[in-house]
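Remember, it's 1-based here, ligands and their atoms both numbered in the order they're listed. All residue numbers refer to positions in the sequence shown, counting from 1.
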Amino acid sequence: MSSETSFFSLAGKKALIIGGGQGMGESSALFLARAGCDVALVDLVPDRADAVGQKVAELGRKAFTIEGNVLDDADIPLIVAEAEAKLGGLDLMVSIVGAAAWGSLLETTAEIWDDQMRLNLRYFFLTAKEVAQSLIRRGQPGAIVGIASVDGQRAAPMRGAYGAAKGGLISLVQTMAVEWAPHDIRVNAIAPGHIVTPRLFDTPQRAEAYAASLLPMRHRGTPDDIGRAALFLASDMARYITGTTLDVDGGLLAANLFPRGLPGNNQG
Ligand SMILES: NC(=O)c1ccc[n+]([C@@H]2O[C@H](COP(=O)([O-])OP(=O)(O)OC[C@H]3O[C@@H](n4cnc5c(N)ncnc54)[C@H](O)[C@@H]3O)[C@@H](O)[C@H]2O)c1
C-alpha cells in the first residue's frame with residue numbers, strides 16, 4: 001500500500017454495506033476493501049453480492065453475502081447480527097439503498113409518499129440505530145455513512161417525496177451525529193449529483209446533453225466517485241467530521257448560483 005493510501009487505512013475494520021450488490025454499493029465495498037476492510041454485503045439479490053464478494057476476495061479481503069430486505073423491519077436486527085457474527089465484529093456501515101418515484105406533488109398519493117419514506121429514510125433510521133446499538137453495546141467506536149441526494153437540499157420538482165425523504169435523511173444524520181458523538185460514533189451522508197446508473201436517463205445522448213449544459217464539470221459522476229467519498233468519511237481522515245453531508249455533484253449545487261446558465265453556454 002502506498003503512503004498516500006495508508007492515510008485512509010481501514011486495516012482490521014469490518015463494514016456492513018447495505019445495497020452492496022451493484023453501483024455505488026459495489027464501489028464503496030471495493031474502496032473500503034482496498035483500504036484493508038472486510039465487508040458484509042447486504043442485497044435483495046444475493047447473486048449480485050456474491051459477484052462483488054468475489055472482487056473483494058481478489059483484493060485479499062473477506063466478503064460475506066447477506067440476503068436481506070431492509071424494507072422489512074424484522075430483517076434489520078437479523079442482518080446486523082449476521083454481519084457482526086460473520087465478520088467477527090462491526091465498525092462501519094455504508095448504506096446505499098434508495099430510489100426516486102417520478103411525479104408531481106399533485107400526483108403523489110399517500111401510498112407513494114409512504115413508500116418513498118420507507119425506501120429512502122425509514123430503513124436508514126432503523127438500520128443505523130441497530131448498528132449504533134451494537135457499537136455501544138461492545139464499547140466500539142464507529143462510523144456510519146448514508147446516501148442523501150442534491151434533491152434533499154433544494155426543490156426537487158417531479159420527485160418531491162424523494163426530496164423530502166432525502167432532506168429528512170440529512171437532518172437525521174445531524175441528530176444521530178450529536179446524540180452518538182459521546183459514543184465515538186460518527187454519522188455523515190453523501191449527496192450524489194448525477195451519477196451514471198442505468199435507470200436515470202432513457203438514452204445516453206440525453207444524459208450527455210444534460211451533463212454538457214448543466215453540470216459545471218461537464219460530465220456525470222461514476223459510482224467510484226461515491227466509493228471514494230464513502231472511504232474518506234469512513235476513514236480516520238474524516239475523524240473530526242460528523243453530522244455533515246458531502247456533496248459529490250461535480251459542482252451542480254454550486255451552479256444554482258448562476259440562474260442564467262453556466263458561463264459559456266450562451267443561455268439567456
Ligand atoms: N444515480 C444517481 O444519480 C443518484 C443521485 C442522487 C442520489 N442517488 C442515491 O444513490 C443511491 C443508490 O442508487 P442506485 O440507483 O445506484 O441504487 P440501486 O438501485 O442500483 O441499488 C443498489 C443495490 O441495492 C439493492 N437493494 C435495493 N433495495 C434493497 C432492499 N430493500 N434491501 C436490500 N438491498 C436492496 C439492489 O438490489 C442493488 O443491488 C440511492 O439512495 C439513490 O437515491 C442516486
Under 4.0 Å from one or more heavy atoms of H194, ligand 1 contributes atoms 3 (O)
Compute both the distance and the angle, then confirm whether R34 meets the cation-pi test with F31: under 6.0 Å from the six-membered ring centre, within 45 degrees of the axis.
yes
Under a 4.0 angstrom heavy-atom cut-off, which atoms of ligand 1 come close to G68?
32 (N), 33 (C)
Does V42 reach ligand 1 with a nitrogen or oxygen that is under 3.5 Å from one of the ligand's nitrogen or oxygen atoms?
no
Where ligand 1 meets I147 - atom numbers and elements under 4.0 angstrom, heavy-atom basis
9 (C), 10 (O), 11 (C), 41 (O)
Check each of I195, L119, L71 against atom 2 (C) of ligand 1 and report the one with the nearest heavy atom.
I195
Is the shortest side-chain N to carboxylate O distance from E26 to K55 below 4.0 Å?
yes
Short question: side chain of R186, backbone of V145 - any donor-acceptor pair under 3.5 Å?
no
Hey, is G25 one of the residues with a heavy atom under 4.0 angstrom from ligand 1?
no
Is D114 salt-bridged to R122, cutoff N-O under 4.0 Å?
no
Of all the heavy atoms in Y162, does at least one lie under 4.0 Å from an atom in ligand 1?
yes
NZ (K62) with more than 12 external heavy atoms under 6.0 Å:
no
Among S149, G19, G193, closest by heavy atom to atom 5 (C) of ligand 1 is G193
Judged by non-hydrogen atoms, does G98 sit under 4.0 Å from ligand 1?
yes
Does any N or O of ligand 1 fall below 3.5 Å from an N or O anywhere on G20, backbone included?
no
Do S104 and E107 have side-chain N/O donor and acceptor atoms under 3.5 Å apart?
yes
Taking only Lys NZ, Arg NE, NH1 and NH2, and the carboxylate oxygens of Asp or Glu, determine whether R159 and D151 approach each other closer than 4.0 Å.
yes
Mark the output for A148 as yes if a heavy-atom distance to ligand 1 is under 4.0 Å, and as no if none is.
yes
May I ask which of I17, V70, L44, D43 has a heavy atom nearer to atom 37 (O) of ligand 1 than the others do?
D43
Name the atoms and distances for all side-chain donor-acceptor pairs under 3.5 Å in residues 164-182, with sequence neighbours left out.
from : atom 1 : to   : atom 2 : distance (Å)
K166 : NZ     : I147 : O      : 2.9
T175 : OG1    : S171 : O      : 3.4

Where ligand 1 meets N69 - atom numbers and elements under 4.0 angstrom, heavy-atom basis:
30 (C), 31 (N), 32 (N)
Donor-acceptor contact below 3.5 Å, side chain D43 vs main chain G21:
yes
Between the candidates Q22, M24, K166, which shows the shortest non-hydrogen contact distance to atom 4 (C) of ligand 1?
M24
